[in-house]
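Quick caveat, the model's predicted, so the values are computed rather than measured.
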Amino acid sequence: MQIYNTLSKKKEIFQPINPPVVTMYMCGPTVYNYFHIGNARSFIMADIVRRYLEFKGYQLKFVMNLTDIDDNIIKKSIEENKSTKELAEFYSNMFFEDLKNLKIKKADFYPKATDHVQEMIEVIKKLEEKGFVYVVDETVFYKVNNFENYGRLSGKNLKDLESGVRVEINEDKTNPLDFVLWKKAKENEPSWDSPWGKGRPGWHIECSAMSTKLLGESIDIHAGGIDLIFPHHENEIAQSEACFEKKFVKYWMHFGFLNFQNEKMSKSLGNFFTARDVLKRYNAEVIRLFFSQTYYGGPLNFSDELLESAKKGYEKILNLAIKIESELKIQNKSNVIPDFNLQKYYDDFSSVMDDDFNTPQAIAIIFNCIHDANKIIAGNQNIDVAFYVDLKKFLQVTAGGVLGLIHFDELMGNAKVSLENDLIQLLIKLRNSLKIEKNFLLADKIREDLNQLGIKLEDSKTGTTYKIK
RNA sequence: GGCGCUGUACCCAAGUGGCUUAAGGGGAAGGUCUGCAAAACCUUUAUUCGUCGGUUCGAAUCCGACCGGCGCCUCCA
């Protein structure tokens with residue numbers, strides 16, 4: 001399989017360092033806020049990458065960090081009159097809740113920056129020994145000029161960068177591009193002891209320290225949003241490779257922005273919707289389908305119209321899934337076993353996903369399969385249950401397991417023992433008697449009233465099914 | 001100023017030299033089925049890929065110019 005590598009700006013054959021193990025690190029959130037739907041795009045696409053690699057048989061070691069100390073957290077903790085720890089814990093919990101609701105699989109580790117300060121200090125000490133740092137008033141800076149590959153990831157060279165006017169002027173820096181490894185504590189700020197005095201780590205150092213600790217000095221995949229390429233990931237490379245003298249990351253993956261009205265959705269612009277708000281209106285599967293219909297690396301616009309269209313697409317998958325479940329309940333045995341070669345869809349799915357996770361094509365293949373299956377269902381009566389068993393398996397593995405677009409175990413009416421289900425079944429029976437009596441007026445009223453409650457009845461030759469909107 | 005991305009039907013979007021006179025989803029129009037709906041099925045909806053040139057036997061795909069849109073260079077997924 002191939003992965004587009006930001007470092008080479010090319011698709012490269014994927015060869016993990018120690019197969020079948022694959023080490024993957026994803027830059028997680030700074031926990032001072034609910035994350036927005038644009039952040040969710042990165043988390044979901046990384047989740048799909050991870051799931052697909054597992055589908056391919058790799059043993060993933062997947063780490064996502066939590067930045068629980070930084071300027072934003074300190075600022076907000078003062079505003080809200082809480083400790084930084086309290087604040088970070090609250091938003092960490094919210095983060096996990098949102099991930100769960102987006103049906104994102106758990107990482108193997110979620111290291112927190114504040115639990116790894118000692119590891120970070122060790123890295124900085126090594127950098128100091130190797131002559132990559134200078135200290136000004138208890139603040140430690142990384143000397144960018146001493147790292148020869150600086151700028152390679154972002155395709156910049158030091159000269160171009162220096163001519164950039166927007167770099168913050170800091171009199172303590174010898175070069176404006178030098179960045180902070182260790183920051184001297186101000187009054188009343190949370191701080192840790194270090195060889196340079198009381199302070200706290202700079203932003204970039206945590207990823208270098210924690211990824212090394214949990215995954216080793218060289219890892220296979222490092223992922224994050226496209227805006228992290230510079231300076232964050234550039235600086236991570238500078239730190240790690242100067243410190244350990246090994247290639248830090250083999251494949252760099254970056255996720256494109258989610259735009260709103262053609263503009264990057266971002267916290268600073270304020271043009272964002274939190275993932276949890278969007279989840280109130282659209283379920284995880286719809287959101288995941290929406291994201292998967294576009295290549296992960298490019299931009300994507302966010303709007304209700306587009307989500308509505310994804311929702312319709314999701315319902316197409318859902319309708320077939322419901323049909324499958326109802327057939328599996330009936331367990332029809334017959335000699336009508338259609339000639340339906342699912343292997344072709346499996347092969348196509350793998351081959352497009354192998355090509356740098358081409359989820360839009362993968363989805364096209366799933367929809368082709370759904371269409372072909374529906375065609376067979378429409379054209380044959382009395383199909384043997386074996387057909388549905390195989391079809392379910394295909395959808396479960398591809399649309400479900402890899403893309404997270406359908407969850408059979410959560411389908412409504414799936415023999416769930418609940419009062420709600422029993423009541424709906426009762427109304428369906430009642431309505432069917434009315435239909436036999438040709439009392440369509442009342443039958444339609446039941447259907448319409450249930451529809452008002454968000455319960456949609458659908459009649460078919462094999463009976464009446466319902467789904468909840 | 002530097003670096004980079006992008007422009008495909010009514011909307012979203014894949015395809016990046018011949019398999020494509022261009023996937024898939026949504027929308028729209030007509031039809032089948034149905035008591036009626038819904039779902040599903042069938043048919044139709046880009047000889048064309050921002051514009052203009054060039055390379056090639058052959059281009060949406062390569063090259064050049066031009067015109068739009070966006071991003072990074074500052075915290076951000």
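Between A/Tyr345 and A/Phe340, the ring-plane angle classifies as tilted under the 30° and 60° cut-offs. A tilted orientation is assigned to the rings of A/Phe302 and A/Phe273, their planes being inclined by 30° to 60°. Between A/Tyr142 and A/Phe179, the ring-plane angle classifies as parallel under the 30° and 60° cut-offs.
Annotation: A/His233 is not in aromatic contact with A/His204 [ring centroid separation under 6.0 Å not met]. Taking the six-membered ring wherever Trp is involved, the centroid distance between the rings of A/Phe95 and A/Tyr34 does not fall below 6.0 Å.
Contact annotation: A/Asn374 reaches the phosphate of B/C41 (side-chain N/O to OP1 or OP2, under 4.0 Å). Residue A/Lys375 places at least one side-chain N or O closer than 4.0 Å to OP1 or OP2 of B/C42.
Sorted by first and then second residue, the side chain to side chain donor-acceptor pair (under 3.5 Å) pairs involving residues 375-384 of chain A (not counting sequence neighbours) are A/Asn332-A/Asn382. For residues 263-273 of chain A, the pairs satisfying salt bridge (Lys or Arg N to Asp or Glu O under 4.0 Å) are A/Asp227-A/Lys264, with sequence neighbours left out.
Using a 4.0 Å heavy-atom cutoff across all strands shown, A/Gly224 reaches sugar-phosphate atoms only and no base atom. Nucleic acid contact for A/Gly256: base, since at least one base atom lies under 4.0 Å from a heavy atom of the residue.
For A/Ile383 and B/A40, the CD1 to C1' distance is 12 Å, given to the nearest whole Å. In this structure, the OH atom of A/Tyr296 is 14 Å from the C1' atom of B/C5, given to the nearest Å. One interatomic measurement links the two molecules: CZ of A/Phe257 to P of B/C72, which rounds to 5 Å at whole-angstrom precision. Atom CG of A/Asp227 is separated from atom C1' of B/G4 by 14 Å (rounded to the nearest Å). Remark: C1' of B/C72 and CG of A/Asn259 are 13 Å apart, rounded to the nearest angstrom. Taking atom CD1 of residue A/Ile455 and atom C1' of nucleotide B/A38, one finds them 16 Å apart after rounding to whole Å. If you take CZ of A/Arg447 and C1' of B/A39, they are 12 Å apart, rounded to a whole angstrom. Rounded to whole Å, atom P of B/G71 lies 18 Å from atom CZ of A/Phe230.
For the C1' atom pair drawn from B/A59 and B/G15, the interatomic distance equals 13 Å after rounding to whole Å. For the C1' atoms, the distance from B/A65 to B/G1 is 22 Å, rounded to whole Å. When the C1' atom is compared between B/A40 and B/C66, the two are found 49 Å apart, to the nearest whole Å. Rounded to whole Å, the P atom of B/C10 lies 23 Å from the corresponding atom of B/G68. Using atom C1' as the reference point in both B/C3 and B/C62, the two lie 23 Å apart (nearest Å). Straight-line distance between the P atoms of B/G7 and B/U16: roughly 13 Å, to the nearest whole Å. Comparing the C1' positions of B/A46 and B/G54 gives a spacing of 25 Å, expressed to the nearest Å. A gap of 25 Å separates the P atoms of B/C57 and B/U51, to the nearest Å.
Taking the ring axis of A/Tyr32 as reference, the NZ or CZ atom of A/Lys75 does not stay both within 45° of it and closer than 6.0 Å to the ring centre.
With the nearest nucleotide of RNA chain B identified for both A/Asn39 and A/Ile370, A/Ile370 has the one nearer the 5' end.
A/Arg447 places no side-chain N or O within donor-acceptor distance of the main-chain N or O of A/Leu457, the cut-off being under 3.5 Å. Judged purely by atom type and a 3.5 angstrom limit, A/Asn33 has no side-chain atom pairing as donor or acceptor with the backbone of A/Phe35. Between the A/Asp68 side chain and the A/Ala88 main chain, no donor and acceptor come within less than 3.5 Å of each other. A donor-acceptor contact shorter than 3.5 Å is absent between the side chain of A/Ser42 and the backbone of A/Gly224.
Using a 4.0 Å cutoff on non-hydrogen atoms, the parts of residues 262-276 of chain A near RNA chain B are A/Asn262, A/Glu263, A/Lys264, A/Met265, A/Ser266, A/Lys267, A/Ser268, ordered by number. Taken residue by residue, residues 428-444 of chain A places heavy atoms nearer than 4.0 Å to RNA chain B at A/Arg431, A/Lys435, A/Phe440, A/Asp444.
Distance check, rounded to the nearest 0.5 Å: CE of A/Met24 to CG of A/Leu53 gives 7.0 Å.
Judged by distance alone, with hydrogens and angles left aside, A/Asp459 brings a side-chain donor or acceptor within reach of the base of B/C36, the pair sitting under 3.5 Å.
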Exercise. With pairs defined as Watson-Crick or G-U wobble and both distances under 3.5 angstrom, please note down RNA chain B as a dot-bracket string, | for pairing with another strand.
Key: ((((((((.[[[..)..(.....]]]((((((.......))))))....[[[[[..)....]]]]])))))))....

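In summary, the side chains of A/Ser351 and A/Asp347 do not present any donor paired with an acceptor at a separation below 3.5 Å, with no hydrogens or angles considered.
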Quiz item: Taking it one step at a time, do A/Phe55 and A/Tyr52 satisfy ring pair (Phe, Tyr, Trp, His ring centres under 6.0 Å)?
Solution: CA-CA 5 Å; A/Phe55 165 86; A/Tyr52 186 65; 5.4 Å; yes

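Partner of A/Tyr25 under the side chain to side chain contact (heavy atoms under 4.5 Å, CB included) criterion, out of A/Ile219, A/Val249, A/Leu214, A/Asp220: A/Ile219 alone.
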Quiz item: When every nucleotide of nucleotides 13-26 of chain B is labelled 5' to 3' by its protein contacts under 4.0 Å (heavy atoms), B for base, S for sugar-phosphate only, - for none, what sequence of letters results?
Solution: SSS-------BSBS

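Out of B/A39, B/C72, B/C75, the shortest distance to the side chain of A/Asn319 is found at B/A39.
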